[in-house]
Amino acid sequence: MKMKFREAVRDATLLAMDRDPSVFLIGVGIIDPRAVWGTLSGALEKYGPERVVEGPLSENALTGMCVGAATMGMRPLLVHHRVDFLLLTMDQIINHAAKWAPMFGRQQTVPMVVRGVVGRGWGNGPQHTQSHHALFSHAPHLKCVVPTTPKDAKGLLLAALQDDEPVIYIEHRWFHEDEGEVPSEFYTTPLGQAAVVRTGRDVTLVGVGPMVAESLKAAQSLEQEGISAEVIDVRTLHPLDSATIIKSVAKTGRLVVSDSDWRPCGIASEVVARVAEEILDSLKARPVRVTWPDSAVPSSQAIESVFYPGAKDIHAAAVTACDKTRATGSVESTVKPFEGPF
Amino acid sequence: MKMKFREAVRDATLLAMDRDPSVFLIGVGIIDPRAVWGTLSGALEKYGPERVVEGPLSENALTGMCVGAATMGMRPLLVHHRVDFLLLTMDQIINHAAKWAPMFGRQQTVPMVVRGVVGRGWGNGPQHTQSHHALFSHAPHLKCVVPTTPKDAKGLLLAALQDDEPVIYIEHRWFHEDEGEVPSEFYTTPLGQAAVVRTGRDVTLVGVGPMVAESLKAAQSLEQEGISAEVIDVRTLHPLDSATIIKSVAKTGRLVVSDSDWRPCGIASEVVARVAEEILDSLKARPVRVTWPDSAVPSSQAIESVFYPGAKDIHAAAVTACDKTRATGSVESTVKPFEGPF
Amino acid sequence: MTQTLTPDVKRRLYHGMLLVRRTEERIQANYHLREMRSPPHLYMGHEAAAAGVCATLRGDDMVFPYYRSHGWYLAKGGDLGAMMAELFGRATGCSRGWGGSMHLIDVAAGVYGTSAIVGGTVSHAAGVALTFQMRGGDSVAVVSFGDGATEEGVFHETLNFASLRKLPLLFVCENNLYATNTHIRDRQAQTEIWRHAERYGIPGRRLDGNDVVAVWHAAAEAVARARRGEGPSLLELETYRYFEHCGINEDLDLGYRTAEELSAWRARDPLASGRRLVSDGEAKEMEAEIAARIDRAFEQARSAPWPTADFQEAAR
Amino acid sequence: MTQTLTPDVKRRLYHGMLLVRRTEERIQANYHLREMRSPPHLYMGHEAAAAGVCATLRGDDMVFPYYRSHGWYLAKGGDLGAMMAELFGRATGCSRGWGGSMHLIDVAAGVYGTSAIVGGTVSHAAGVALTFQMRGGDSVAVVSFGDGATEEGVFHETLNFASLRKLPLLFVCENNLYATNTHIRDRQAQTEIWRHAERYGIPGRRLDGNDVVAVWHAAAEAVARARRGEGPSLLELETYRYFEHCGINEDLDLGYRTAEELSAWRARDPLASGRRLVSDGEAKEMEAEIAARIDRAFEQARSAPWPTADFQEAAR
Ligand SMILES: Cc1ncc(C[n+]2csc(CCOP(=O)(O)OP(=O)(O)O)c2C)c(N)n1
Ligand SMILES: Cc1ncc(C[n+]2csc(CCOP(=O)(O)OP(=O)(O)O)c2C)c(N)n1
Ligand SMILES: [Mg+2]
Ligand SMILES: [Mg+2]
């Protein structure tokens, strides 16, 4: 059935709670009638305050509580209105949640999911727009996913809620209104699998988050240049599905990785490094990373619009990689300003 | 003059406090008579509790206090006995210290330094041995350095204390007893500059932290294979000095990057990505990353000794890169067990 | 050295509140034009807090507002034109267009930058108070935050350190009963926030935050204490926000609070009760002066240049 | 349902303390052999805390020790052999050799894993207490931590949540006056830690932490309250550590504490005063039984296999 991204998140959440009594929700402001942009609508009414646990503004303690509950076999889903707030909880995420299984010889598992929303748009500025998925893709025993379609929003959330390691689920508010076909029943999108969302011959465009749509747009415009582009949605950032990427680049010989995050030590770097390390000889052109510039995200629309890279940049990079000298530059990115002020 | 690494850190600290009244020390346990492995010995006696500020066990607040003081023109040096504790302060480091200058249009600077010590050795285990320098090398407006010699320990700390951006200074306890020539006067090791610590023709060995010594050791043993290795100490991880690395790899055509941290989205990935992106055509062999395995750091000596990669691994990687089939495998890593229990 | 409630102070109190109220009303009225593109957390209802406290401060004292920042910024003497330009995202904005409504600053006027992270600047204030102390002099730092911020660990960490070091610091909690749309009863086991201070040996008081004169008296005492080097104090100001948590609208439709509650608080409006502090003539004069300043600020903001940024590599 | 101090309980109290003391003495005596390679935070001096509280608990209750972990682990019934094997870094260790002294666990005995991050498990305990509450039943979680841990924000965050939700949770602060080598006076503005509880409506008490019977009584009351669903309590136990913060030596040479202070506390030794709880014959029997168990544990640990690990890619 047709569903919006936000509805798919909600659908997965209610389905998981329904099927598994060990799943519960916790977070700051989750009993708010706005229900985290509607992604939790109805949960409180259906499951009550025992399973929809409103948290005080104590993100660090809430995260540790999830670790405690998870090791006892519960499956907490901790929800944050912004990814930025997760920085208050890094000790519990990396020193505790990720360490608990190995540190005690794998006697316990830590099946918890942390959802963080990226607040890009409407001048949200430097502290409400960060994604930071690279920070969650560095340390072992921790997973990180970034869904880009309603179908994956549901499938990845259900998979995360079944996984026995802590999973960070980065959600772009940007996608909330996107509509797509979503199976109404239970299913999972396996963690650790990238998706080839468009096949092509000449260049591989690997994208993360909103850059997948930009890559698809670029792929379309590249057709006019006579370039056939394959597009891969990374989906799970950690562990990274190199196999799918490698296979594609082995075929196309060219790589443009675009990421909705900063460049140094980011996912784009990781993708390029793996490709160079494993199939250097297949590369016919220098790989290119399209990422955020080395700057905080500005608030003013005048500079925000220059800040974010898009289809145009991917297009240009692919054209260069394919040794075409002419770039149409006609492609515009799919920017749709976020309209809510919050 | 000859100085131990720990003495060089102390020398820089006292020198900076002496020259600049805006420099002050703050941290948990810094008035402890053990004085952070002697790196702060004498500071309390000389400057008193007003400039050697003992902090309660409140790392998050202490970090924010440094942000406040720094924006007022002070130059706080915040000291942690372990890097792992910095994870409690990521909100202040990334959301605040790093954002304060750009978020307000660069009306203020945030000249603060955070020193964190890596506790490798003597079974310190999963939560006391992390380096996490990649986490501090991702977001913009934040610098990260890892000195590996007494001379750079002093020079980089003095440079960090003069810098107008927040700098994370990662210190390997491992080096504390190392001795080397250190100028007794004031000098700085410029931030953002890698050092070529050995010149060679056939392969570039880029190292971070303890892996620099391992790379040097490997370089020596590689001579016996007829391989001439150039060794680069990254020193500043963020911003990364690509130019020095690129220049070397352009010459040698081969790259082995070794890092004392996890692999995904790490510094090794960043180095490989930059090289592939900028001088793909110069690469004569696949670049190789030598990093920690995808696992928490174990405590037991039996598995700890298998965990850390060393000269042997670098040697083997370089031999493969140079297309030699035979690897002596005789080289052992420079492991010197840390003898203190704390 | 206690301060006295001179006619001049009275004018300052009322003027401070009025400036905030009228500015935000104008923001509210113009917001639909989509020229101000950043999330506004309106201060209306809280005016007595910022105006009351700021009237006890000197230029060299530093206030630390939170993201609900317009009130303190203006009451401390922040540049109105630069604030409006910031909301319009212009290069002339107080943060050069980089911050928006949640990130105002005016260091010259003693307004420290504001954070969008709840509790984010509480420890900054302690660091600045520590700096004041290290440098000598008798400047004071004042940090304001909501009831929700007191649930963050850093608040407690900072109380302890401030008391331990007797920092010249005033904690001001603006308790408006809600954090976003969750009532304090659903978040706090015991809701007398001022008592946290007591625990650390810090003088704490709860008072009617809509009574600007009471706020002024209490703040004057606390600030004088801090100036004398006797350490921090905490004031819990009971107040209420009139509009939605973030945005320009009323939000009774959400159902998390009642129309009765809102109107009971409206009946205690700080500007209505504060009106008696000045004569009719003075009030009229102020209205005119403020309206003219706001007109000018909006006009200039509208026509101000956009910021530009040279993101090296942005185009890659 | 209050518990009574039966001869059986008395034996349990003394036995718990004795087991910890003798085990750590043996660790101390053998440490120079360099077979135990992880940083030991000896519990000696604190024994009444763990023994007193654990004697009020059932098998299904869960304790949350901190890195100074040997005491609670043993008093709660953790496997001695597995603990020693862990200190020896062996595959048969309670953490399979991955944790070392700072990271013990014995879930079957109700000992939750310990953290090397100060305050790290305080919130874990709340999560487990929340789980107990969600699942029904009347199990109780008990978290222990030092005086230093109360300076971490998370302690305050957890107190609030625990009280708000009336969690079946007992907070036990072992106040030994120091965090590493810094005195509490240099860290805390007000040093009556138990008063933090009061602030959240949590019953709190400070008591002589070296009086094992007093600890037992207070804990029994708090645990009963938690079982009845009436919520958390906090006990501040005044006690003292005999040896260096981490390691096996005395540390009077450092000068941060005086020989007088140490000997005054030694005169209040919990084992000396607790000795009266059992007869001479019982004590003798216990000594023999414990010595034999320790002998066996050391022997088995020494000859146990090393862990192996297959770090894919480690060899690259
Ligand atoms: C650390 C953090 N957690 C959550 C949020 C989301 N958030 C923004 S404002 C707010 C409510 C804060 O309430 P309060 O402190 O009472 O201030 P008020 O808005 O009522 O003035 C929340 C939860 C945030 N910005 N920062
Ligand atoms: C978050 C954190 N900060 C600092 C440290 C370093 N450290 C280890 S133990 C300790 C002292 C803790 O004192 P206390 O809580 O009183 O417990 P005690 O050791 O006295 O039993 C410190 C500061 C740490 N492990 N974790
Ligand atoms: Mg509020
Ligand atoms: Mg202590």
Side-chain angles (χ1 to χ4, degrees), chain B residues 28-35 49 54-61 81-82 84-85 87-88 119 121-129 256 258 263 288-309 312-314 316-317 320 337-342, chain D residues 31 34 36-40 67 86-91 93 95-103 115-120 146-155 179-182 186-189 244-248 251 253-256 305-316:
Chain B
V28 176
I30 64 169
I31 63 166
D32 186 318
R34 288 213 162 100
E54 177 70 4
L57 279 71
S58 306
E59 287 84 356
N60 187 8
H81 280 82
R82 290 290 185 287
D84 314 72
F85 310 156
L87 294 183
L88 283 162
W122 202 260
N124 264 252
Q127 294 178 323
H128 267 41
T129 52
V256 177
S258 55
R263 180 173 312 192
V288 183
R289 291 174 292 170
V290 174
T291 61
W292 290 358
D294 262 349
S295 164
V297 180
S299 169
S300 168
Q301 57 198 101
I303 27 183
E304 199 202 38
S305 58
V306 191
F307 179 87
Y308 290 107
K312 205 173 185 165
D313 309 289
I314 299 167
T320 310
F338 183 84
E339 295 295 314
F342 179 21
Chain D
Y31 201 72
R34 306 172 57 83
M36 293 173 271
R37 297 185 172 216
S38 72
Y67 52 85
E86 187 62 31
L87 268 65
F88 276 75
R90 305 304 168 119
S95 306
R96 314 287 183 256
W98 279 74
S101 165
M102 295 193 292
H103 306 295
S115 174
I117 306 295
V118 171
D147 44 298
T150 67
E151 294 151 28
E152 294 285 355
V154 72
F155 168 64
T180 316
N181 303 332
T182 303
D186 290 324
R187 301 179 284 112
Q188 299 192 11
E244 59 186 338
H245 166 69
C246 175
I248 56 158
D251 62 359
D253 57 306
L254 287 177
Y256 73 91
W306 293 104
T308 54
D310 175 26
F311 300 115
Q312 333 104 327
E313 310 195 325
R316 274 185 85 156

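Since the model is a prediction, treat every value here as computed from it, not as a measurement. We name chains A, B, ... by the order of the sequence lines, and we start the count at 1 in each one.
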Check: What pair of heavy atoms forms the shortest contact from B:Ile303 to D:Gly97, and how long is it?
Finding: CD1-O, 4.3 Å

Checklist line | Non-hydrogen side-chain atoms of B:Leu88 and D:Glu152 separated by less than 4.5 Å | finding: yes

Margin query: Taking every non-hydrogen pair under 4.5 Å, which of B:Ile31, B:Leu87, B:Leu57, B:Val28 racks up the most with chain D?
Written below: B:Leu57

Next item on the list: Evaluate the criterion side-chain contact (heavy atoms from CB on, under 4.5 Å) for residue pair D:Val118 and B:Phe85; output intermediate values, then yes/no.
Entry: CA-CA 9 Å; D:Val118 171; B:Phe85 310 156; over 6 Å; no

Item checked: Exercise: identify the closest heavy-atom pair between B:Trp122 and D:Met36 -> CZ2-O, 3.6 Å

Notebook entry, point to check: Please walk me through it: do B:His128 and D:Met102 pass side-chain contact (heavy atoms from CB on, under 4.5 Å)?
Noted result: CA-CA 10 Å; B:His128 267 41; D:Met102 295 193 292; 4.2 Å; yes

Item checked: Name of the residue among B:Ser300, B:Ser299, B:Ser295 meeting side chain to side chain contact (heavy atoms under 4.5 Å, CB included) with D:Trp98 -> B:Ser295

Item checked: Heavy-atom closest contact (D:Ile117 atom, B:Gln127 atom, distance) -> N-OE1, 3.8 Å

Notebook entry, point to check: side-chain contact (heavy atoms from CB on, under 4.5 Å) with B:Ser58: which residues, sequence neighbours excluded?
Noted result: B:Pro56, B:Ala61, C:Glu157, D:Glu151

Item checked: Which portion of B:Glu304 sits near chain D, non-hydrogen atoms under 4.5 angstrom -> neither

Checklist line | Any side-chain heavy-atom pair of B:Pro309 and D:Phe311 under 4.5 Å | finding: no

Next item on the list: Go through the steps to decide whether B:Arg34 and D:Glu244 satisfy the test side-chain contact (heavy atoms from CB on, under 4.5 Å), and finish with yes or no.
Entry: CA-CA 12 Å; B:Arg34 288 213 162 100; D:Glu244 59 186 338; 3.3 Å; yes

Checklist line | Nearest heavy atoms of B:Gly29 and D:Thr182, plus distance in Å | finding: CA-OG1, 4.1 Å

Item checked: Contacting region of D:Ala116 [heavy-atom separation from chain B under 4.5 Å] -> both

Item checked: Which atoms of D:Ser115 approach chain B - backbone, side chain, both or neither, heavy atom under 4.5 Å -> both

